[in-house]
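Order of appearance sets the numbers: ligands from 1, and atoms from 1 within every ligand. Every value quoted in this text rests on a predicted model; they were computed, and no experiment measured them.
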Amino acid sequence: MRIVFLGPPGSGKGTQAQVIARSLGIPQISTGDLLREAADKGTPAGTKAQEYMERGALVPDSIVIELVREAISNGDQFILDGFPRTLEQATTLDDVLEEMNLALDAVISIDVPLDSLVERLSGRLTCPECNAIYHTSYNPPRQKGLCDTCGEDLYQRADDTPGAITHRFEIYKKQTTPLIQYYKDKGTLITLDGTRSIDEISAEVGGIITRLEKDHGVQRSYPSR
Ligand code: AP5
């Protein structure tokens, strides 16, 4: 299964990608996580990327494409979360998949208005160890401030300030929304109403995966989170 999650910052791409990846036992490839890891390690690409991420700007295509190329070379099934975000990234992804004799099964676009995004991102908590995503109200950890899986102290991302969120949303509208038409034209786009609860959206995504798997001759019911 090869799925892309598209959507503005805070729409729930990472949350839904983690649910599916865990259920299907395939990797979730989040370019945001890969870039933050590279920045933490202080690699030249990571250090350069950090400057862009802190202001909520897109990291140059050349850096992101290299990271994704390496990540997807390890297997033929994956969930891409936050990539592609520009037309150049989308066409490069097509070329890389074609070289591997593969294609995307679906591009799932999660639609959420700006006011909900600010509320979601202001309450987001992330695990530094396993990248699990929580929300103080909508998806709280069992023990306040600690990851359910690793027990690590959860943190708030540096780019989740109101100013950076608004900037990220503007960048999304300008640079990433053209991909909606791109994938519509290819017949792979599925748009979801992202204003519902995490579980309602997961159930709809589960139904989509089950249908796609049926098309591939796989029969099983999709487990929820
Ligand atoms: P990245 O880490 O990808 O950030 P983003 O796209 O801004 O998306 P987010 O991770 O903020 O949100 P999400 O949609 O995953 O929502 P989540 O599930 O966490 O990228 C960070 C930066 O890296 C970019 O700004 C850029 O600089 C750079 N970058 C990354 N990829 C790049 C690329 N391809 N090209 C260039 N640069 C790139 O949910 C958010 C919160 O809401 C959580 O608290 C969650 O619990 C809650 N929540 C989720 N769903 C629901 C729901 N249905 N109801 C209520 N709450 C919900």
Using heavy atoms and a threshold below 4.0 Å, how should the contact between [X] and ligand 1 be classified: side chain, backbone, both, or neither?
| X | value |
| --- | --- |
| T86 | neither |
| A17 | neither |
| V64 | side chain |
| A57 | backbone |
| P8 | backbone |
| I110 | neither |
| Y134 | backbone |

Is there any N or O on [X] that sits under 3.5 Å from an N or O of ligand 1?
| X | result |
| --- | --- |
| T15 | yes |
| D33 | no |
| R168 | yes |
| R85 | yes |
| P84 | no |
| D81 | no |
| R157 | yes |
| G12 | yes |
| R196 | yes |

Write down the atom of [X], the atom of [Y], and the distance for their closest heavy-atom approach.
| X | Y | answer |
| --- | --- | --- |
| I165 | V118 | CG2-CG2, 4.0 Å |
| V4 | F83 | CG1-O, 3.6 Å |
| P84 | L179 | O-CD1, 3.3 Å |
| N131 | Q18 | O-NE2, 2.8 Å |
| G32 | M53 | O-CE, 3.9 Å |
| Y138 | I198 | O-CD1, 4.2 Å |

Identity and separation of the nearest protein heavy atom to [atom]:
| atom | answer |
| --- | --- |
| atom 19 (O) of ligand 1 | R124 NH1, 2.6 Å |
| atom 42 (O) of ligand 1 | R120 CB, 3.3 Å |
| atom 22 (C) of ligand 1 | M53 CE, 3.9 Å |
| atom 56 (N) of ligand 1 | Y138 CD1, 3.4 Å |
| atom 8 (O) of ligand 1 | K13 NZ, 3.2 Å |
| atom 31 (N) of ligand 1 | T31 OG1, 2.8 Å |
| atom 29 (N) of ligand 1 | L35 CD1, 3.5 Å |

Considering only NZ, NE, NH1 and NH2 on the basic side and carboxylate oxygens on the acidic side, decide whether K13 and D81 come within less than 4.0 Å.
no
Using a strict cut-off of less than 4.0 Å between a Lys/Arg side-chain nitrogen and an Asp/Glu carboxylate oxygen, indicate whether K186 and D94 qualify as a salt bridge.
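Looking at K186 and D94, the cut-off is met.
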Show the atoms of ligand 1 that are less than 4.0 angstrom away from any heavy atom in [X].
| X | answer |
| --- | --- |
| I201 | 53 (N) |
| Q89 | 33 (C), 34 (N), 35 (N), 36 (C) |
| L121 | 11 (O), 40 (C) |
| V59 | 27 (O), 28 (C), 36 (C), 37 (N) |

Ignoring hydrogens and geometry beyond distance, is a side-chain donor-acceptor pair present between D111 and T191 at under 3.5 Å?
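Short answer, no.
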Between [X] and [Y], is there a donor-acceptor pair closer than 3.5 Å when you use the side chain of the first and the backbone of the second?
| X | Y | answer |
| --- | --- | --- |
| R2 | D76 | yes |
| R157 | T126 | no |
| D159 | A164 | no |
| Q156 | S122 | yes |

Just to verify, which of T92, V96, T31 counts as forming a side-chain contact (heavy atoms from CB on, under 4.5 Å) with V68?
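Checked T92, V96, T31 against V68; only one passes side-chain contact (heavy atoms from CB on, under 4.5 Å): T31.
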Name of the residue among I190, I108, V107 meeting side-chain contact (heavy atoms from CB on, under 4.5 Å) with Y183:
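For Y183, the side-chain contact (heavy atoms from CB on, under 4.5 Å) check succeeds only for V107.
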Under 6.0 Å from the ring centre and within 45 degrees of the ring axis: does the NZ or CZ of R55 meet both conditions for the six-membered ring of Y52?
yes
Nearest to atom 15 (O) of ligand 1 by heavy atom, G14, P9, G10: which?
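Going through G14, P9, G10 one by one, G14 has the nearest heavy atom to atom 15 (O) of ligand 1.
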Applying a strict 4.0 Å limit to heavy atoms, is R36 in contact with ligand 1?
yes
Could you walk me through whether E200 and S197 satisfy the side-chain hydrogen bond (donor to acceptor under 3.5 Å, both in side chains) test, starting with their C-alpha distance in whole Å, then the side-chain angles of each, then the deciding distance to 0.1 Å, before giving a yes or no?
CA-CA 5 Å; E200 283 173 302; S197 73; 3.2 Å; yes
